[in-house]
Amino acid sequence: MKIKRNQLCGNLNKDNIGETVKLNGWINTRRVLGGITFVDLRDRYGLVQVRFDNDLPENILTIVKQLNMEDVIAVEGEVQHRPEGSTNKNMLTGEIEVVVKEFEMLNKSKPTPFEIKKRETGSENLRLKYRYLDLRTEKLQKNILIRHKALQATREFLSNDKFMEIETPFFIKSTPEGARDFVVPSRVNLGKFYALPQSPQTFKQLLMISGFDKYFQIVKCFRDEDLRADRQPEFTQIDMEMSFIDENDIQKVSENMLKTIFSKTIGKEIVTPFPKITYEEAMEKYGSDAPDTRFEMIIENVEDFAKLTNFKVFHSALENDGVIRALKVKNGAEFSRKNIDELTELAKTYGAKGLAFVKYKENEFQSGISKFIDEESGKVLIEKLKLIDNDLVLFMADKWNVSLTVLGSVRKHLGKKMGLIDNSEISALWVTNFPLFEYNEEENRYQSMHHPFTSPNEEDWQYLENNPKKVNSRAYDIVINGQEIGGGSIRIHSQEKQKRIFSALNISEEEAKQKFGFLLNAFEYGAPPHGGIAFGFDRLVAILAGEPTIREVIAFPKTTTAQSLMIGSPDIIDEKQLKELGLKIEIEK
RNA sequence: GGGGUUGUAGUUCAACUGGUUAGAGCACCGGCCUGUCACGCCGGAAGUUGCGAGUUCGAGUCUCGUCAAUCCCGCCA
């Protein structure tokens, strides 16, 4: 490489006019006009137009005429003001150009599978295979930069607040509760396996016991579960833990940290403190524990109305411990039968048996269940929902969580479809007072809603053994624009209490000792009161970048079948490796 | 584990109700062009219609299976 850059393409401007500069970069586009050739040269910092005139030596001209997109070149030349009428206002460096005196071809490029300057010329499938090329695109360059800034802002903010970043091990051991673990066989300990951490949960609690009263780590976590747009098998968390604190301290630090991140990465000022609602209220009003509060449409209890109707579905639901809830859709009376059928189909995917509806038009109830509504019940419904002309009402009659989850999903769907969401808005809130346990129908037992180290509310300990449903916890989630982006809790810090939780979860004393003995022992040596939170960093960056999936903010993401199309992982390993590890593959069909 | 959508040239898409030699833009190759910036103009090459069966006189199109991508449900302490 003879011509080594002393300037950056995107940084040049009028002040450089007259200077002789050396540039290195990729060819974004080239325009050969016969006697003159223009090339838009690209580096990380932007584009600049480079001009090749006809008076260059023949050997250079021959190569220049054959330049292709994505060739890597070096040029030396003078920065000049473009002639009158030839400036480009759409280009940051559009007032100038570099007139080439010396040229060096650094590396040719084959035609790329898709055009870097026009990302949509490749499907996501294709771009994932050539991710290193996708990362050249303006969009991903921008997203990865936002991610970098968010990382720096986080570290700076927390370090300034006395938090220490401490690394915890990746090779740990498998735990009974929670997601499936990724496991790693140990060659030195034949027949034994490490597990990769789903989170550094127990380690950060141990660090509190060690006296590092403010810990954080930006850390990879691993979960072997099925993927989604917002879920990857390996993902990044901002993991935090503090001692001698309560919920308010953690929430305050979190709010200030998020405020700093939003401000420093995308220049957006968000308002703190964030509103708080309880889990129950979130479910009752929005049908979700991660409500999108950027639009209204509140779910209402319409049992008084339901009792007055002679609609059998309502009555049998109420007799079977069910609830009746309704969602009012403004102007929804205009929906066609097909529109409503689609909503019903959506409802069914969330476990609804059906979705009752009625339209309120010209002061009367029409279609759907209108024939079951008489004057008296109609009046109650109009009053409860403050119905006006052209409203549509959707009803769910089922178990509490089914009714609300279904209406919540319909609400979210309609919010998007009807354009009720202002995408420039950032709406953050805390959801608090979660139940400690949820019932797992399949396994016929209670399991932790968050994790087994979460402290119940002080006044709820009394119900732990006899009425676990009634126990709420000191857990809190942070929700932004309807996405859970963080969650944490005040932890248990007494051995005796932790044992009671394990026992309530049906984890035997023996198993608790085997899996978590180290933590239970540690609790005996002066464990301070502590708590923490973890943020889904990928989701946070996706919100910062305005992206719908976290794949767009991860440099090398995996597909929804947990594969890398680029490197072809996972892959088989050879016999020798298997033998060394004492493993044999048997796949049942 | 289940459901929806998709798979056609390097690539993005098209191809009617199952019917001639599967078309177009961009990219690529060749030629022309001194102020372009999605440069333009002329010409060219480019296909195992994801894969495998089946139905049919005939399948890109219909059926079944399979693989892959994606969205969702379950799952995700």
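Excluded from the calculations below are hydrogen atoms, water molecules and symmetry mates; all remaining heavy atoms, backbone and side chain alike, are included. Protein chains get the first letters and strands the later ones, always in sequence-line order, with residue 1 at the start of each.
Using a 4.0 Å heavy-atom cutoff across all strands shown, A:Asn125 reaches sugar-phosphate atoms only and no base atom. Within the 4.0 angstrom heavy-atom criterion, only backbone atoms of the sugar-phosphate kind lie near A:Thr549; the bases stay farther away. Here A:Glu97 lies in heavy-atom contact (under 4.0 Å) with a base. When heavy atoms are screened at a 4.0 angstrom cut-off, A:Leu346 is found touching no nucleic acid atom at all. Residue A:Pro83 is classed as a base contact, given a heavy-atom separation below 4.0 Å to a base. Among the atoms of the strands shown, base atoms are found under 4.0 Å from some heavy atom of A:Ser86. Note on A:Glu345: nothing from the nucleic acid sits closer than 4.0 angstrom, heavy atoms only. Using a 4.0 Å heavy-atom distance criterion, A:Ser489 is classed as making no nucleic acid contact. Counting non-hydrogen atoms under 4.0 angstrom, A:Lys118 reaches a base of the nucleic acid. Within the nucleic acid shown, A:Arg30 comes within 4.0 Å of sugar-phosphate atoms alone, with no base atom in reach, counting heavy atoms only. In this structure, A:Phe38 reaches the bases: a heavy-atom distance under 4.0 Å links it to at least one base atom across the strands shown. Counting non-hydrogen atoms under 4.0 angstrom, A:Thr37 reaches nothing in the nucleic acid. The residue A:Arg119 sits apart from the nucleic acid: no heavy atom pair falls under 4.0 Å.
Proximity note for A:Leu33 (side chain, C-beta onward) versus B:G35, B:C37, B:C76: the nearest is B:G35. Closest contact between the side chain of A:Lys117 and the listed nucleotides B:C39, B:U36, B:G74 involves B:C39. Across B:C39, B:C76, B:U12, the shortest atom-to-atom separation from the side chain of A:Gln447 is found for B:C76. Residue A:Ile36 has its side chain nearest to B:U34 when only B:A69, B:U34, B:U36 are considered.
Nucleotide B:A15 forms no Watson-Crick or G-U wobble pair with any nucleotide shown, as no partner meets the under 3.5 Å limit on both distances. Pairing for B:G10 is with B:C26, a Watson-Crick or G-U wobble pair whose two hydrogen-bonding atom distances lie under 3.5 Å. Under the Watson-Crick and G-U wobble criteria, each requiring two contacts below 3.5 Å, nucleotide B:U56 is left unpaired. Partner assigned to B:G74 is none, using Watson-Crick or G-U wobble distances below 3.5 angstrom. With a 3.5 Å ceiling on both atom-pair distances, the Watson-Crick or G-U wobble partner of B:G65 is B:C51.
For A:Arg231, no side-chain nitrogen or oxygen approaches OP1 or OP2 of B:C75 to under 4.0 Å. Dashed line: the shortest gap from a side-chain N or O of A:Asn68 to OP1 or OP2 of B:C29 is under 4.0 Å. An OP1 or OP2 oxygen of B:G4 is reached within less than 4.0 angstrom by no side-chain nitrogen or oxygen of A:Thr349. For A:Thr112, no side-chain nitrogen or oxygen approaches OP1 or OP2 of B:U11 to under 4.0 Å. Regarding contacts with the backbone of B:C26, every side-chain N or O of A:Thr121 stays at 4.0 angstrom or more from both OP1 and OP2. Between B:U70 and A:Thr560, a contact under 4.0 Å exists linking OP1 or OP2 to a side-chain N or O. Contact annotation: A:Arg551 side-chain N/O to B:A69 OP1/OP2 distance is not under 4.0 Å. Contact annotation: A:Arg31 does not reach the phosphate of B:U36 (side-chain N/O to OP1 or OP2, under 4.0 Å).
The distance between atom CG of A:Asp53 and atom P of B:U34, rounded to the nearest whole Å, is 12 Å. Note: CG (A:Leu227) to P (B:A68) measures 14 Å, nearest angstrom. Note: CD (A:Glu547) to P (B:C71) measures 13 Å, nearest angstrom. The distance from atom CG of A:Leu128 to atom C1' of B:G7 is 15 Å, rounded to the nearest whole Å. Taking atom CG of A:Leu126 as the reference point, atom P of B:A68 lies 18 Å away to the nearest angstrom. Rounded to whole angstrom, the span from the CG atom of A:Asn54 across to the P atom of B:U36 amounts to 17 Å. Counting to the nearest Å, the P atom of B:G74 and the OH atom of A:Tyr350 are 7 Å from each other. Atoms CD (A:Glu552) and P (B:U70) sit 11 Å apart, rounded to a whole Å.
For A:Arg180 and A:Phe222, the positive end is not near the middle of the six-membered ring at less than 6.0 Å and at most 45° from its axis. A cation-pi arrangement is found for A:Lys470 relative to A:Tyr463, the charged atom lying closer than 6.0 Å to the ring centre and inside a 45° cone about the ring normal.
Of the P atoms belonging to B:G10 and B:G47, the separation is 7 Å, rounded to the nearest Å. Look at the C1' atom in both B:U61 and B:G1: the space between them is 31 Å, to the nearest Å. Comparing B:G35 with B:G30, their C1' atoms sit 25 Å apart, to the nearest whole Å. Taking the C1' atoms as reference points, B:U70 lies 34 Å from B:G58, given to the whole Å. One P atom belongs to B:G23, the other to B:G60, and the distance between them is 13 Å to the nearest Å.
Classification of A:Asp292 and A:Lys412 as a salt-bridged pair fails, no side-chain N sitting under 4.0 Å from a carboxylate O. Between A:Arg500 and A:Glu509 there is no salt bridge, since none of the side-chain N atoms of the basic residue sits less than 4.0 Å from a carboxylate O of the acidic one.
Among A:Met69, A:Arg136, A:Lys117, the one residue that satisfies the side chain to side chain contact (heavy atoms under 4.5 Å, CB included) test with A:Asn28 is A:Lys117. Between A:Glu70 and the options A:Ile116, A:Leu133, A:Asn107, a side chain to side chain contact (heavy atoms under 4.5 Å, CB included) holds for only A:Ile116.
With the nearest nucleotide of RNA chain B identified for both A:Gln80 and A:Asp230, A:Gln80 has the one nearer the 5' end. Nearest-nucleotide positions on RNA chain B for A:Met69 and A:Val32 put A:Met69 closer to the 5' end.
A:Phe52 and A:Phe38 have their aromatic ring centers separated by at least 6.0 angstrom. Here the two rings, on A:Tyr476 and A:Phe434, have centers that are 6.0 Å apart or farther.
Nearest heavy atoms, A:Ser473 versus A:Thr454: CB-CG2, 3.7 Å.
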